[in-house]
Participant: 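I'd like to ask some things about the structure below.
Side chains included, hydrogens not; waters and symmetry mates left out as well; all remaining heavy atoms used. Lettering of chains follows the sequences in order, A, B, ..., and the numbering in each one begins at 1.
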Amino acid sequence: RKEVEQDPGPFNVPEGATVAFNCTYSNSASQSFFWYRQDCRKEPKLLMSVYSSGNEDGRFTAQLNRASQYISLLIRDSKLSDSATYLCVVNGPMAPSGAGSYQLTFGKGTKLSVIP
Amino acid sequence: SQTIHQWPATLVQPVGSPLSLECTVEGTSNPNLYWYRQAAGRGLQLLFYSVGIGQISSEVPQNLSASRPQDRQFILSSKKLLLSDSGFYLCAWRGDANTGELFFGEGSRLTVL
């Protein structure tokens, strides 16, 4: 089973649409979660952290379900500028015991194209 | 504020040639430093990370190596490149090794011919 799994897409949506991305992770000891955005041929940049209670930043809403080991990102009122690849990122212990250092594991990303 | 830079941005190298990518971080001390590779159509793969000067951990055995000669400098090297080394190499830093977010450099796109 892949450690962090995302639907690769592409998701092609019209401007103004609402789109949701899902992500599942396998390490139940994971502690923190993020969504990164990566534009074509650029470096990934943090979009938002994901908190247990869910959090919203403008048109973006992130949710976490620890029991199901599932993270989601909802984008409302899509803009052309939202076109990018969205990476799900999970921070967890490297050792199965949960001890030791933590590392970030990246999903392969979901590609979004917002169409005029 | 903290900044991270890496270079060169783009390079084309023949098989068997050496490689050196350099990364520096400004505005912070004792950062945790990382080298990732992103091959076409694949996710980010962690290659090396460093928690301090001279301390390197390798995640993937291969013909690449990393060094940290100074607190805020991280270098990725190879003595002989392979075709499979082509990809987008990203340097990154985070302040807290266990909880902090990751900040990436602009990336170095390597094509091995």
Participant: Using heavy atoms and a sub-4.5 Å threshold, report which of residues 106-113 of chain B line up against chain A, by residue number.
Facilitator: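 Checking residues 106-113 of chain B against chain A gives B:E106, B:R109.
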Participant: Of the backbone (N, CA, C, O) and the side chain (C-beta and beyond), which part of B:Q38 lies under 4.5 Å from a heavy atom of chain A, both, or neither?
Facilitator: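 The side chain, not the backbone.
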Participant: If you group Ile, Leu, Val, Met, Phe, Trp and Tyr by side-chain heavy-atom gaps below 4.5 Å, do A:F33 and A:L74 land in one group?
Facilitator: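 Shared cluster, no.
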Participant: Count I, L, V, M, F, W, Y as connected when their side-chain heavy atoms are under 4.5 Å apart, and connections chain through other members. Are A:F106 and B:W35 then in the same cluster?
Facilitator: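 No, A:F106 and B:W35 fall in different hydrophobic clusters.
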Participant: Is any side-chain heavy atom of B:Y34 closer than 4.5 Å to a side-chain heavy atom of A:Q103?
Facilitator: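 The answer is yes; the side chains approach within 4.5 Å.
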Participant: Check whether A:Y51 and A:F60 end up in the same hydrophobic cluster, where Ile, Leu, Val, Met, Phe, Trp and Tyr are linked by side-chain heavy atoms less than 4.5 Å apart.
Facilitator: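 No, no single cluster joins them.
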Participant: Suppose a student defines contact as a heavy atom less than 4.5 Å from any heavy atom of chain A. Which residues in residues 8-17 of chain B would they list?
Facilitator: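 Residues of residues 8-17 of chain B touching chain A at under 4.5 Å: none.
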Participant: Heavy-atom cut-off 4.5 Å, strictly under: side chain, backbone, both or neither for A:L104 against chain B?
Facilitator: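 It is both, since atoms from each part get that close.
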Participant: As an exercise, state the distance from CD of B:E101 to CG of A:L47, rounded to the nearest 0.5 Å.
Facilitator: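 Separation between the atoms: 11.0 Å.
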Participant: If Ile, Leu, Val, Met, Phe, Trp and Tyr residues are connected whenever their side-chain heavy atoms lie under 4.5 Å apart, and connections chain through other members, are A:F11 and A:Y86 in the same group?
Facilitator: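 Yes: a chain of side-chain contacts under 4.5 Å links A:F11 to A:Y86.
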Participant: Using heavy atoms and a sub-4.5 Å threshold, report which of residues 37-44 of chain A line up against chain B, by residue number.
Facilitator: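 So the qualifying residues are A:Q38, A:R41, A:K42, A:E43, A:P44.
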Participant: Answer yes or no: does atom OH of A:Y70 have more than 12 heavy-atom neighbours from other residues, nucleotides or ligands under 6.0 Å?
Facilitator: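 More than 12 heavy atoms, drawn from other residues, nucleotides or ligands, come within 6.0 Å of this atom.
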Participant: Among residues 77-93 of chain B, which ones touch chain A with a heavy-atom distance under 4.5 Å?
Facilitator: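 B:F88, B:L90 fall under the 4.5 Å cut-off.
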Participant: Donor-acceptor check, side chain of A:Y36 to backbone of B:L102, threshold 3.5 angstrom: yes or no?
Facilitator: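 Yes, A:Y36 side chain to B:L102 backbone: donor-acceptor pair under 3.5 Å.
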Participant: In this structure, would A:L112 and A:V4 fall into the same cluster of hydrophobic residues linked by side-chain contacts under 4.5 Å?
Facilitator: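 In one cluster with A:L112: A:V4, yes.
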